[in-house]
J.: 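Right, I'll just put the structure down here and ask away after.
When a residue number appears, it is its place in the shown sequence, counting from 1.
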Amino acid sequence: MGSFSIWHWIIVLVVVLLVFGTKRLRGAGRDLGEAIKGFKKGVKDADGDDDKPSAQLEDHNRDDAAAREKQRHDDKTPR
């Protein structure tokens, strides 16, 4: 009941291939790889430019608030 030998791992691999199929496993591997790349890119981008995205977000929020205020003003104006 110690560690598994190479034959145990080969049998487990064969069973997994039979249950899931190569196409599904390939897709899962591709998705995992893309997720890791995206995570690494996000960590890399977050290191140096912390102020830039928040400033863009604030500008966007200000524009939305101004548009809502203009809409309220236009709705109150008699025609």
J.: Listed by chain and number, what are the side chain to side chain contact (heavy atoms under 4.5 Å, CB included) partners of V16, not counting sequence neighbours?
T.: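 Partners of V16 under the side chain to side chain contact (heavy atoms under 4.5 Å, CB included) test: V12, F20, L25.
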
J.: Quick one: pull up OG in S5 and CD1 in I10 and give me the separation to the nearest 0.5 Å.
T.: 8.0 Å

J.: Residues in side chain to side chain contact (heavy atoms under 4.5 Å, CB included) with I36, at least two apart?
T.: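 I36 satisfies side chain to side chain contact (heavy atoms under 4.5 Å, CB included) with L32, K40 once adjacent residues are dropped.
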
J.: Applying ring-ring contact (aromatic ring centres under 6.0 Å, His included), can you list everything that pairs with W7, at least two apart in sequence or on another chain?
T.: none

J.: Under the side chain to side chain donor-acceptor pair (under 3.5 Å) rule, collect the residues that match up with T22, sequence neighbours excluded.
T.: none

